[in-house]
Each structure stands twice: as structure tokens, then as C-alpha cells.
Amino acid sequence: MYALTAKSMKYMDEYTMDKGVPSSVLMENASRGVVNEITERFPDTNTRVLVMCGPGNNGGDGVCVARWLLHLGYSVTLYFVGDPNRTSKEFRRQIRIISSMFPDLKIYGTEDAAESLKALRSEYDVLVDGIFGTGLNRRFGNNFVKFLEYVNSKKGYKVAIDIPSGLNATTGQIMNAVFRADLTVTMGNYKTGLFFCEGRKVSGEVKVVDIGLAKRGYRDIPDRIFVCDREFFRKTKDMALIPRTEVSHKGTYGTVGIVVSPGSMMGAAMLSAKASYRAGCGLVKIFCPNKFTGFFNVSIPEAVVVPYKTDDVIGALDDFVESVDVVLAGPGMKEDATGRLIIKEILAQETPVVLDAGALNLISKNLKPFRKRKCPCIITPHVGEMARLCGEDIQVIEKNRIGFTKKFSELYRVSMVVKSDVSLVSLIKEDGTQRLYLNVTGNSGLATAGSGDVLSGVIASLIAQGNSENNSLLYGVMIHGMAADKFAVDEDSRRKMMAGDIVESIF
Ligand SMILES: NC(=O)C1=CN([C@@H]2O[C@H](COP(=O)(O)OP(=O)(O)OC[C@H]3O[C@@H](n4cnc5c(N)ncnc54)[C@H](O)[C@@H]3O)[C@@H](O)[C@H]2O)[C@@H](O)CC1
Ligand SMILES: Nc1ncnc2c1ncn2[C@@H]1O[C@H](COP(=O)(O)OP(=O)(O)O)[C@@H](O)[C@H]1O
Ligand SMILES: [K+]
């Protein structure tokens, strides 16, 4: 399943219509999907439904929904919002159909202001928003803002058709007002705006309706984003990841080498080390200053501690890097001169590297060694670290996470995840092509210190086991999210989850 921008969605609609599927059929499919979601939740036909329609095809969907609900015996009030002289062809077609099937039906909002106001003020069990969809292209006037505010203040279950009106379907920014939905029934595929900025806050539960789009059209859309959910993971994991074999020893599953600089926070490296083991690698080595040896020996006795003298880091580091299958650097790492030296040295070697947290802040000060790196590399910035890498404010990145991720990943030819409540993964393939993925596994329990350290540990572990860097990144992100979903089954468990719990819940 993909997430598309408004422009790409329009392309898919048109591509499908070009293949011969009439627009009205797509609309019929779309509306049936909405109606099914409503009737499943409200099977009683005494349910009072207000359907609000705008002038475009989203309004057309709304009228079609109203018709089906009337057909099924529901009590429906239809309310038009917008300029009646500027309606789309499909909208007018839907109005003709409903008017001839239900000649007594009154359409409020156009004439008779007093009656319309009365209709709007009545109580409803379900309020359906078919006002604007992907065609929203400008800010609302004041009256409209007031209208939406009033509708939001009303009691009743709120259903948005395609996207909540007022939400930018591409960026997830709110124009100047928005319908706040309990449920969004979206057409064909997700819209990117449902995941970014304010999108998740205002869409409620999101359901995708298969409206019969011609799937071949997706090939023409380079900025399509594949949405990775539990189902995708379950179906593909065995194909994507190297299986575990019974005839094996610890060498079979590789060694993760975690680099700890003198000023580091030790807990972060310890969490990464535990996560690496839980994700299946054979051995974890921890390269750390002499003074930390005791801590790591006690906190994670399964790891091999490789101590170094702080006045001879680089000599010892080269041997260490050579002795492992993948290096993980950054969790807990302090941004100081030694840290900088360490990262520069690691990037000059050929062993695959996962860079996280402190290591990313270090490279963001001077990206040259990173650009010239010899090693295969994965980076795992959260939005704040991404902002530093791009030399931008967080707010700027938030507004266009897709754009910045695409650009950075392409420019530095690096596969990366930009972490957030939904994480965006960009994979650069060997031929240089880029693919984008959105991880929707995981939950708010992950918003706890150290969860990022667990993620980088998982990714490094998968690389050590022989998986490609790209697969390790993509599946690592999902394994991490699903570990959180396994532990946190309700709100209380999400509240109490700590990074250590994620480690224990891996697989
Ligand atoms: N065949 C198709 O094209 C299909 C379209 N579908 C529906 O059609 C929607 C897209 O339809 P449209 O492209 O007609 O767009 P919309 O229905 O979202 O709105 C477009 C209309 O609103 C006006 N408008 C935009 N911003 C405004 C603002 N701030 N204030 C006042 N007016 C504003 C535009 O000028 C245009 O007249 C989708 O979201 C989906 O619900 C679905 O039925 C699936 C099939
Ligand atoms: N609300 C949330 N829903 C889902 N995942 C989340 C949420 N908040 C954080 N995460 C995930 O948790 C991890 C946090 O990583 P990071 O910010 O680096 O934390 P830390 O630096 O404390 O280790 C990321 O993988 C991120 O995607
Ligand atoms: K809508």
C-alpha cells in the first residue's frame, strides 16, 4: 500500500479513467467504502446522519454517500457548502441522480438561510465531511472557518471522506481551519498528508478503500511512498531476512562492534548492545575507555569489552573496526574532539557502519569526511538530528520531511531513516535509485529515552548477520516498532514502557 501526494493521486485517478473506468464508477466505489464503514459502526437505520458536501468531487463522493445511506433506510440531511455556481461535473451528476431517486430530498445550505441554519443546528449521530478533498488549494474565507469550528463543536461521530477538509493532502499542514475526524475513509491509497505535520492528529482512525485504481499507474510515480505495516512485515520478513540455521555457531551470526568515546553516556551503548543480541547477532564487542570496563562487564556480561587507553584511541580503534562485521557509533556519544576523531577514522575504514545520535551531530558540523567515506553506511537521525544535518530549523524540516529526506539521502547516497512517530525511510539502491518507505508500526510508548539506541542496535545486528544494509535498516525499523507494539497493548502499557522493555520484546 502506498502513500501518495495530492498530485500523484490525481494522476492515479486519471490513469485509471484513461484505461476506461468511468469517473462515476470510481466515485461509486469510493462512496460504497465510506458507507460500509459507517453502517458497520452504526447498523441501526434510525441513526441520524448529516452529510456536508463541497463543490468538487469530494462533494460528489458526499452526495453519493448520502444517496446510498438513504437507499439503505437511514435518516440523512444533505448540506451544501460553497459556491453553487462553481461545481464540478461529477458533483452535478451526483446531484441529478440523488434528486431523481429521492425527489423529496431537500438540499440545505443553498437557499432558505433560516431553514438551513435549523438543519445544521439539529442533532446528528454521524457527521460526514465531503467538503474538500485532495483539490484543496487555498486558504478558507472567514465564514468557512466559522462553519468548520461550529461543526467541530457539535456532538456526533465525525467521518472525513478521503481527507479531513482543510488538511493539505500532501504536507499534512492545516490551511486555516480543519474538520477534526474520528474516522477518515481515504480512497485508493493513503495520502502523505495523513502522516505528517498535523495529519495524524486530525484524521482519527484511517481506513483505505480499494476503489479499483489501475495498479500499473504506480510505476509512473517516483515519489510514491510504500507504507510498511505489520501485515507487510509478516508477509515479507522471511523472504527479506537471512533465516537462522540450526547448524551454526556464534560466528555464523556476526559481530557488532559498538564504539564508545571517553565522554559517552554508557547506558545508551548498553541498550544498543542488548538490542543487538536480542535481534540475533552472535557477538557484541564494546570498544570503550578503560574506566568503563567495569560498568559494561556488569551491565551486559554477554558482551566482550575491548578497553582502550584514552591517549591511544586511534591505534586501538583501527584493529577493533577490522575485527567486527559492523560498527555502531553514536549512541550516548559526546560531541568533543575525541568523538570527532573517532568518527573520522571509522568513516575512512571499509567496515559497514551505522551512525546514530551523537555521531550524527558530529558529522553535521563537517560533512566532508562523511561524503568521502569508504564504508557502506546507514544513518538514523531523529527529526532534530536531521535538522542539524541539513542546517535547518526543526520546523522547516517538519513541514517537508519527505523533501529533505529525499534530497539528503540522494546527495550523500546514503540510506537513512528519519525517525518520528511515523518514521520515513529512504533506501538508495546499488544502481543509485531511491525508494521511500513509511513505517507505521510502533506506538507512543517509544517516546521514551533510549528507544533510538535500541533501534540502532537492532539495525547493526541485522547487518552483522549478513543482511544487506538496506534490508537491515527497513526491517530493523519494523522489528523495533513491532517490539513496542508487542509490549504496549493498551494506553497504560504505552505509558510505562521503557527502552529496556523494547529490548525484551524484540521478537
Ligand atoms: N474520479 C475522481 O477524480 C475521483 C475523485 N474522488 C474524490 O474527489 C476528490 C478530489 O476532487 P476535486 O479535485 O474536485 O477536489 P475537491 O473536491 O477537494 O475540491 C475542489 C474544489 O474546491 C475548490 N477549492 C479548493 N480550495 C478551496 C478553498 N479553500 N475555499 C473554497 N474553495 C476551494 C476548488 O476550486 C474546486 O472547485 C478526492 O479527494 C476524492 O474525495 C473520489 O471520488 C475517487 C474518484
Ligand atoms: N509517538 C511515537 N510513535 C511511534 N514511534 C515513536 C514515537 N516517538 C518516538 N518513536 C520512535 O522511537 C525512537 C526514538 O528515537 P530517538 O529520538 O533517537 O530516541 P533516543 O535518543 O532517546 O534514543 C524512534 O525510532 C522513533 O521513531
Ligand atoms: K473531506
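Quick caveat, the model's predicted, so the values are computed rather than measured. Both ligands and their constituent atoms are indexed starting at 1 by order of listing. Just so it is clear, the values below take in all heavy atoms, side chains as well, and ignore hydrogens, waters and symmetry mates.
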*Just which atoms of ligand 1 are under 4.0 Å from any heavy atom in L136?*
18 (O), 25 (C), 26 (N), 27 (C), 29 (N)

*For atom 12 (P) of ligand 1, find the nearest protein heavy atom and state the residue, atom name and distance (0.1 Å precision).*
N57 N, 3.8 Å

_Could you work out, for atom 26 (N) of ligand 1, the closest of N137, V209, V185 by heavy-atom distance?_
N137

*asked:* Under a 4.0 angstrom heavy-atom cut-off, which atoms of ligand 1 come close to L26?
replied: 1 (N), 45 (C)

*asked:* For atom 17 (O) of ligand 1, what is the closest protein heavy atom, and at what distance to 0.1 Å?
replied: N58 N, 2.9 Å

*Side chains of D220 and Y11: do they bring a donor and an acceptor to under 3.5 Å?*
yes

*So, T448 and S451: side-chain donor and acceptor under 3.5 Å apart, yes or no?*
no

_Taking backbone and side chain together, does I161 place any N/O/S atom at a distance below 3.4 Å from the K ion (ligand 3)?_
yes

_Looking only at the aromatic ring of each residue, does the gap between the centers of F147 and Y79 stay below 6.0 angstrom?_
yes

*For atom 44 (C) of ligand 1, closest protein heavy-atom neighbour*: I211 CD1, 3.8 Å

*M27 heavy atoms, cut-off 4.0 Å: which ligand 1 atoms fall inside?*
43 (O)

*asked:* Just to be sure I'm reading this right: ignoring hydrogens, which of R139, R138, R86 gets closest to atom 34 (C) of ligand 1? Compare them by their nearest heavy atoms.
replied: R138

*Can we call the ring centroids of F179 and F132 under 6.0 Å apart?*
no

*ligand 1 atoms in contact with G133 (distance to a heavy atom under 4.0 Å)*: 16 (P), 18 (O), 39 (O)

_Side chain, backbone, both or neither: D13 near ligand 1, heavy atoms under 4.0 Å_ = side chain

*To the nearest 10 degrees, could you say what angle the K ion (ligand 3) makes with O of I163 and OD1 of N58?*
140°

*Just need the protein heavy atom nearest to atom 41 (O) of ligand 1, so name the residue and atom and give the distance.*
D61 OD2, 2.7 Å

*Measure the distance from atom 39 (O) of ligand 1 to every protein heavy atom, then report the residue, atom name and distance (to 0.1 Å) of the closest one.*
D162 OD2, 2.5 Å

_Assess the residue pair K191 and T5 against the criterion (side-chain contact (heavy atoms from CB on, under 4.5 Å)); give the C-alpha distance rounded to whole Å, side-chain angles, the decisive distance to 0.1 Å, and a yes or no._
CA-CA 6 Å; K191 312 297 165 315; T5 61; over 6 Å; no

*So F370 and F408, would you call those rings parallel, tilted or perpendicular, with 30° and 60° as cut-offs?*
parallel

*Is the centre of the Y157 ring less than 6.0 Å from the centre of the F42 ring?*
yes

*What about F80 and Y108, are their ring centers closer than 6.0 Å?*
no

*asked:* Counting non-hydrogen protein atoms only, what is the nearest one to atom 1 (N) of ligand 1? Give residue, atom name and distance.
replied: S23 OG, 3.0 Å

*Give the residue and atom name of whichever protein heavy atom lies nearest to atom 24 (N) of ligand 1, and the separation in Å to one decimal.*
F132 CE2, 3.6 Å

_Centroid-centroid distance, Y218 to Y15, less than 6.0 Å_ = no

*Counting distance only, does the side-chain N/O of Q94 pair as donor-acceptor with the main-chain N or O of F91 below 3.5 Å?*
no

_Under-4.0 Å heavy-atom contact with ligand 1, by part of E14 that carries it_ = neither

*asked:* To check your reading of the model: name the closest protein heavy atom to atom 10 (C) of ligand 1, its residue, and the distance in Å.
replied: T134 OG1, 3.4 Å

*asked:* Need the ligand 1 atom indices (1-based, order shown) with element for anything under 4.0 Å from a heavy-atom of M17.
replied: 1 (N)

*Can you find a side-chain donor-acceptor pair between S272 and D453 that sits under 3.5 Å?*
no

_Could you check whether atom 36 (C) of ligand 1 has a protein contact, counting only heavy atoms that fall below 4.0 angstrom?_
no

*Please test K158 against D182 for salt bridge (charged side-chain N to carboxylate O under 4.0 Å, His left out), starting from the C-alpha separation and ending with a verdict.*
CA-CA 5 Å; K158 302 193 177 67; D182 296 301; 5.3 Å; no

*Might you list the protein residues in contact with ligand 2, defined as having a heavy atom under 4.0 Å from one of its atoms, sorted by chain and number?*
H382, K419, S420, D421, S423, N443, S444, L446, A447, T448, A449, G450, S451, G452, D453, L455, H480

*Looking only at distances, please establish whether an N/O atom of ligand 1 is found under 3.5 Å from an N/O atom of G135.*
yes

